[in-house]
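Shown next, in structure tokens, is the structure this report addresses.
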Amino acid sequence: AAAVLLIGIALIYQNRTVFRPLGRLKEAMLRFSKGDTDVRLEGYSENNEIRVLYGTFNYMAEQIVNLKIDVYETELARQKIYMQFLHVQIQPHFYTNILNLIYNLASIKDFDGVRQLAKCMADYFRYLLSLKDDFVILADELRCIDRYASVQKIRYQDHFQLRIDCEVEAEREKIPPLLLQTFVENSIKHNVMVARGLTILVRVFRDGKELVAEITDNGVSFPEETLKKLERDEEIEENGGHIGICNIKNRLRILYGKDAKIVIKNLEQGSCVMVRIPGRREENGI
């Protein structure tokens, strides 16, 4: 009877000092593995080995959390640098072309043209230099596109027309800067000298929680091989280097992951680019 009593007492003691604490440790590890990184175990004084296990768990949990924060901050810094690099890449040829245009206008003493071009470029560059965040208000971006088109009309002597149609409800949405302009620039670059009566339509509207932008032109269609490469997310090269659409895809992938979508298709005459991104309104404070 005494032996049975001693065994019972020993089992109760073992349960209180070993099995229950180990059960709490197991539960804490499961919670941590499921994402509850705030879980910690209070110090256990009755059993030195259990106390060491609790302390080791708490220390490892802190180290993992700190490591995740460091990795996250490092990734944010890397993405920010990459985004800045993509911004710089967007249109270096445009700047050199405008400088050449100013020089040519001055050479033929078209001073009115120089003044008009200088005013448009001043407004355009003022907007570009003000870009500090990954997102801008859609209404501001559309005004930038209009200024860009004004510059190009001077360059190409009004050989194209640009129409912008934006729903009032969508004007306060926030989008990546120069997102739509890249496709407008593409349409002008590839069509203005080969398509008569070139018209480019930029249409923006909300579709549920998404913002949809369509850039349509009546110029030449995309080469089929180019469309196939774009569908496969392959790099496109033209005359040694081309970054436009691939650049946009990379930026959207960084900002939205798989929630952004670009569809490019040829029409009976011309082409249409549709961009779908999650809605991001100014008043949300996001």
Side-chain angles (χ1 to χ4, degrees), residues 79-189 192 200-204 211 213 215 243-245 247-248 250-252 254-255 273 275 277 280-286:
Q79 291 185 359
K80 185 174 182 179
I81 292 172
Y82 184 52
M83 287 292 290
Q84 292 172 345
F85 171 69
L86 292 177
H87 285 169
V88 172
Q89 270 193 317
I90 286 176
Q91 45 181 339
H93 61 280
F94 172 64
Y95 307 138
T96 56
N97 289 338
I98 295 307
L99 290 175
N100 287 331
L101 179 57
I102 292 175
Y103 175 81
N104 292 333
L105 291 174
S107 297
I108 62 175
K109 298 183 179 181
D110 183 0
F111 301 122
D112 287 338
V114 171
R115 282 193 292 268
Q116 184 181 356
L117 182 59
K119 178 63 170 61
C120 291
M121 287 303 300
D123 293 338
Y124 180 72
F125 282 122
R126 187 177 295 110
Y127 175 77
L128 292 186
L129 293 174
S130 70
L131 298 178
K132 297 179 181 179
D133 300 320
D134 292 333
F135 297 92
V136 295
I137 304 301
L138 175 60
D140 296 336
E141 183 74 4
L142 294 179
R143 279 192 290 271
C144 176
I145 293 175
D146 190 59
R147 294 183 188 117
Y148 172 82
S150 297
V151 172
Q152 294 291 38
K153 285 182 180 181
I154 296 173
R155 179 185 178 190
Y156 292 112
Q157 301 178 352
D158 291 323
H159 283 179
F160 73 94
Q161 295 296 321
L162 173 69
R163 292 166 47 203
I164 298 177
D165 180 12
C166 179
E167 286 184 352
V168 175
E169 294 80 5
E171 289 182 349
R172 304 312 296 175
E173 292 282 348
K174 302 181 79 171
I175 68 170
L178 306 180
L179 169 64
L180 306 182
Q181 180 187 308
T182 300
F183 297 108
V184 173
E185 179 183 356
N186 231 34
S187 292
I188 296 173
K189 174 183 175 181
V192 70
I200 303 168
L201 172 63
V202 178
R203 180 169 171 257
V204 189
L211 183 69
I215 302 90
I243 59 166
I245 298 176
N247 184 313
I248 290 297
N250 289 334
R251 292 172 62 199
L252 294 182
I254 291 174
L255 293 171
V273 177
V275 181
I277 57 177
R280 190 184 181 99
R281 292 188 66 80
E282 181 187 27
E283 59 263 31
N284 289 342
I286 300 177

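For this chain, numbers begin at 1 and follow the sequence in order. These numbers were taken from a predicted model, which means no experiment stands behind them.
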| task | Determine whether N186 and I215 make a side-chain contact, defined as any pair of heavy atoms from C-beta on separated by less than 4.5 Å. | result | no

| query | Would you say V204 and I175 make side-chain contact, with heavy atoms under 4.5 Å? | reply | no

| message | How long is the straight-line distance from SG of C166 back to CD of E173, given to the nearest 0.5 Å? | response | 9.0 Å

| task | Any chance you could measure Q181, atom CD, to L142, atom CG, to the nearest 0.5 Å? | result | 11.0 Å

| Shortest non-hydrogen contact between E141 and P177, atoms and distance | OE2-C, 3.6 Å

| remark: Closest non-hydrogen atoms of V114 and A106, given as atom of the first, atom of the second and distance, are CG2-N, 3.8 Å

| request: Compare all side-chain heavy atoms of I277 with those of P176 and state whether any distance is below 4.5 angstrom. | output: yes

| field | Min side-chain heavy-atom separation I137-K174 under 4.5 Å | value | yes

| field | Nearest heavy-atom neighbours spanning C120 and V151 | value | CB-CG2, 3.6 Å

| request: Please tell me if the side chains of R147 and M121 come closer than 4.5 Å, counting only heavy atoms from C-beta onward. | output: no

| side-chain contact (heavy atoms from CB on, under 4.5 Å) evaluation trace for Q161 with K153 | CA-CA 8 Å; Q161 295 296 321; K153 285 182 180 181; 3.8 Å; yes

| request: Output the distance between atom OH (Y148) and atom CD1 (I188), rounded to the nearest 0.5 Å. | output: 5.0 Å

| request: Mark yes or no for whether E171, through its side chain, and L138, through its backbone, hold a donor-acceptor pair below 3.5 Å. | output: no

| Residues two or more places apart in sequence or in another chain: which of them pass salt bridge (Lys or Arg N to Asp or Glu O under 4.0 Å) with D123? | K119, R126

| note | Sorted by chain and residue number, the salt bridge (Lys or Arg N to Asp or Glu O under 4.0 Å) partners of D112 (sequence neighbours excluded) come out as R115

| said: Less than 4.5 Å apart, side chain to side chain, heavy atoms only: is that true for I145 and L162? | reply: yes

| Test item: L255 and F135 side chains (from C-beta on) under 4.5 Å apart, heavy atoms | yes

| field | Atom pair CG/CD1 of D110 and I102 - distance to nearest 0.5 Å | value | 12.0 Å

| request: Working to the nearest 0.5 Å, report the span between CG of L117 and CZ of R155. | output: 11.0 Å

| remark: Between A149 and F160 the two heavy atoms that sit nearest each other are O-CZ, 3.7 Å

| message | Just verifying a value: how many Å separate Y103 OH and L101 CG, rounded to the nearest 0.5 Å? | response | 13.0 Å

| message | Between R143 and D140, is the salt bridge (charged side-chain N to carboxylate O under 4.0 Å, His left out) condition met? List the steps. | response | CA-CA 5 Å; R143 279 192 290 271; D140 296 336; 2.3 Å; yes

